[in-house]
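Per chain, numbering begins at 1; letters A, B, ... match sequence-line order. Just so it is clear, the model here is predicted, and its values are computed rather than measured.
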There are 2 protein chains.
Amino acid sequence: MNIEPELCKVEDALGILIGKWKPIILLQLLKHGTQRFGELSRHLPGITQRMLTKQLRELEEEDIIRRVVYPQVPPKVEYSITEYGKSLEPILNAMHEWGTMHTLHKQEKLRNSADSQE
Amino acid sequence: MNIEPELCKVEDALGILIGKWKPIILLQLLKHGTQRFGELSRHLPGITQRMLTKQLRELEEEDIIRRVVYPQVPPKVEYSITEYGKSLEPILNAMHEWGTMHTLHKQEKLRNSADSQE
DNA sequence: CAGGATCCATGACGATACTG
DNA sequence: CAGTATCGTCATGGATCCTG
């Protein structure tokens with residue numbers, strides 16, 4: 001890997017994933033396939049419409065997700081992962097596994113420092 | 001993987017890596033081993049002392065890097081990756097590879113839209 | 001239904017000066 | 001040498017209200 005700051009591409013991948021809701025949006029679409037705006041919204045407790053729209057647009061801009069508008073009233077818009085977007089899945093899985101381990105690591109650390117206190 | 005927002009651990013891993021200089025700091029330490037504050041600073045063009053200190057402290061807090069102070073004048077402080085921190089390397093590699101591919105993908109996309117313009 | 005438009009709080013990041 | 005201390009800026013995220 002080229003770690004020269006100018007040539008390091010880690011930030012590029014990171015940039016796609018950064019955003020409070022992006023990982024969970026991607027996982028939701030990866031696991032449950034095509035979904036409408038409202039469905040996504042219901043599965044992401046706490047997200048506002050503004051944020052959902054914004055993050056979806058950013059992911060679409062990078063060709064990670066596909067947005068299909070059905071010209072009808074009331075409006076219907078479907079979102080899905082692109083083939084290209086699926087290439088992110090291994091990274092998301094790796095991060096989830098690492099995160100799970102890290103949670104345990106922190107708990108253990110806490111217990112140890114509690115023990116040495118008494 | 002558990003994608004319930006409350007149980008998804010992707011954010012935890014992401015949280016460690018987020019920070020304008022963290023990936024590059026980690027790669028620098030992974031590839032070149034133990035280094036002093038000044039060395040790191042020289043290899044990260046543009047970083048300010050304040051930011052380097054802050055990001056190093058955050059990584060240390062998560063046990064990703066080790067900070068060793070030599071009590072002497074002038075001061076000498078060495079930083080290195082912990083064994084635990086090394087477990088992040090596969091993720092960094094995966095993100096770098098993905099980022100490299102993504103850069104090409106975007107260039108191609110630009111060329112295509114330029115072609116259809118004329 | 002799926003958003004767009006506004007306004008606002010927070011915190012990440014940076015420039016600069018100073019110090020044990 | 002390896003930081004700390006201040007101050008300022010800007011982007012991210014959020015609350016709320018409006019609309020084709």
Side-chain angles (χ1 to χ4, degrees), chain A residues 5-6 8 10-26 28-29 32-62 64-80, chain B residues 5-6 8 10-26 28-29 32-62 64-80:
Chain A
E6 313 79 34
C8 171
V10 172
E11 308 270 4
D12 298 60
L14 215 47
I16 306 288
L17 270 2
I18 288 180
K20 182 153 181 194
W21 303 93
K22 283 189 193 155
I24 200 76
I25 289 175
L26 290 175
Q28 181 67 28
L29 288 174
H32 300 298
T34 301
Q35 282 170 75
R36 299 182 57 175
F37 186 88
E39 287 181 276
L40 279 173
S41 174
R42 274 190 296 283
H43 286 103
L44 306 177
I47 196 171
T48 61
Q49 289 185 324
R50 170 182 134 83
M51 285 314 294
L52 182 53
T53 302
K54 243 185 101 226
Q55 312 252 316
L56 286 169
R57 288 290 194 286
E58 291 177 20
L59 290 169
E60 187 196 0
E61 180 66 22
E62 303 287 353
I64 308 299
I65 65 174
R66 185 181 302 111
R67 178 171 181 265
V68 180
V69 181
Y70 296 84
Q72 60 186 44
V73 179
K76 172 177 170 183
V77 181
E78 283 184 346
Y79 293 92
S80 56
Chain B
E6 314 80 36
C8 171
V10 172
E11 309 269 4
D12 297 61
L14 216 47
I16 306 289
L17 270 3
I18 288 181
K20 182 155 180 192
W21 304 93
K22 282 188 194 156
I24 200 76
I25 289 174
L26 290 175
Q28 182 66 28
L29 289 174
H32 299 299
T34 302
Q35 283 170 74
R36 298 182 58 173
F37 187 87
E39 286 182 276
L40 279 174
S41 175
R42 274 190 296 283
H43 286 103
L44 306 177
I47 196 172
T48 60
Q49 289 185 323
R50 171 182 133 84
M51 284 314 294
L52 182 52
T53 302
K54 240 184 105 229
Q55 311 252 318
L56 286 170
R57 289 290 196 285
E58 290 176 22
L59 290 169
E60 188 195 0
E61 181 66 23
E62 302 288 352
I64 308 299
I65 65 175
R66 186 180 301 110
R67 177 171 181 266
V68 179
V69 182
Y70 295 84
Q72 61 185 43
V73 180
K76 172 177 169 183
V77 182
E78 282 184 348
Y79 293 91
S80 56

- Measure the shortest side-chain to side-chain distance between A/Leu56 and A/Leu40 over non-hydrogen atoms and say whether it is less than 4.5 angstrom. yes

- Item | Residues which pass side-chain hydrogen bond (donor to acceptor under 3.5 Å, both in side chains) with B/Glu58, listed by chain and number, not counting sequence neighbours | B/Lys22

- Query: the helix from C/dC1-D/dG20 to C/dG20-D/dC1: angle between its terminal axes, five pairs each, to 10°?
  - Reply: 50°

- Query: Are OP1 or OP2 of C/dG3 and a side-chain N or O of A/Tyr79 less than 4.0 angstrom apart?
  - Reply: yes

- Query: Hey, does B/Glu60 have a side-chain heavy atom less than 4.5 Å from the side chain of B/Arg57?
  - Reply: yes

- Heavy atoms of A/Val10 and B/Pro23 approach each other most closely as CG1-CB, 3.8 Å

- Closest heavy-atom contact between A/Cys8 and B/Ile24? CB-CD1, 3.9 Å

Give each protein N/O atom lying under 3.5 Å from an N/O atom of nucleotides 10-17 of chain C, with the pair distance.
from   : atom 1 : to      : atom 2 : distance (Å)
C/dC13 : OP1    : B/Lys20 : N      : 3.0
C/dC13 : OP2    : B/Gln55 : NE2    : 3.3
C/dC13 : N4     : B/Arg50 : NH2    : 3.2
C/dG14 : OP1    : B/Lys20 : NZ     : 2.7
C/dG14 : OP2    : B/Trp21 : NE1    : 3.1
C/dG14 : N7     : B/Arg50 : NE     : 3.1
C/dG14 : O6     : B/Arg50 : NE     : 3.2
C/dG14 : O6     : B/Arg50 : NH2    : 3.2

- Task: Can you see which heavy atom on A/Ile64 is nearest to which on A/Ile16, and at what distance?
- Result: CG1-CG2, 3.9 Å

- Task: Write down the distance between NZ (B/Lys76) and C1' (C/dG20), rounded to a whole number of angstrom.
- Result: 19 Å

- Note on the structure: To the nearest angstrom, the CD-P distance between A/Glu60 and C/dA2 comes to 15 Å

- Item | DNA chain C contacts made by residues 65-74 of chain A, counting heavy atoms under 4.0 Å | A/Arg67, A/Pro74

- Just the endpoints, please: which first and last nucleotides of DNA chain D, 5' to 3', lie under 4.0 Å from a heavy atom of chain A? D/dG13 to D/dG20

- Enter the distance from A/Glu39:CD to A/Thr34:OG1 here, rounded to the nearest 0.5 Å. 9.5 Å

- Query: Is a side-chain N or O of A/Gln35 found less than 3.5 angstrom from the main chain of A/Gln28, in a donor-acceptor match?
  - Reply: yes

- Message: Using the side-chain hydrogen bond (donor to acceptor under 3.5 Å, both in side chains) criterion, which residues pair with A/Arg67? Sequence neighbours excluded.
- Response: A/Tyr79

- Closest non-hydrogen atom pair, B/Leu14 against A/Leu14: CD1-CD1, 3.9 Å

- Message: Could you check whether any side-chain heavy atom of A/Thr53 comes within less than 4.5 Å of a side-chain heavy atom of A/Thr48, counting everything from C-beta outward?
- Response: no

- Task: Determine whether more than 12 heavy atoms belonging to other residues, nucleotides or ligands lie under 6.0 Å from atom CD of A/Glu61.
- Result: no

- Please confirm whether the backbone N or O of A/Phe37 pairs with a side-chain atom of A/Ser41, one donor and one acceptor, at under 3.5 Å? no

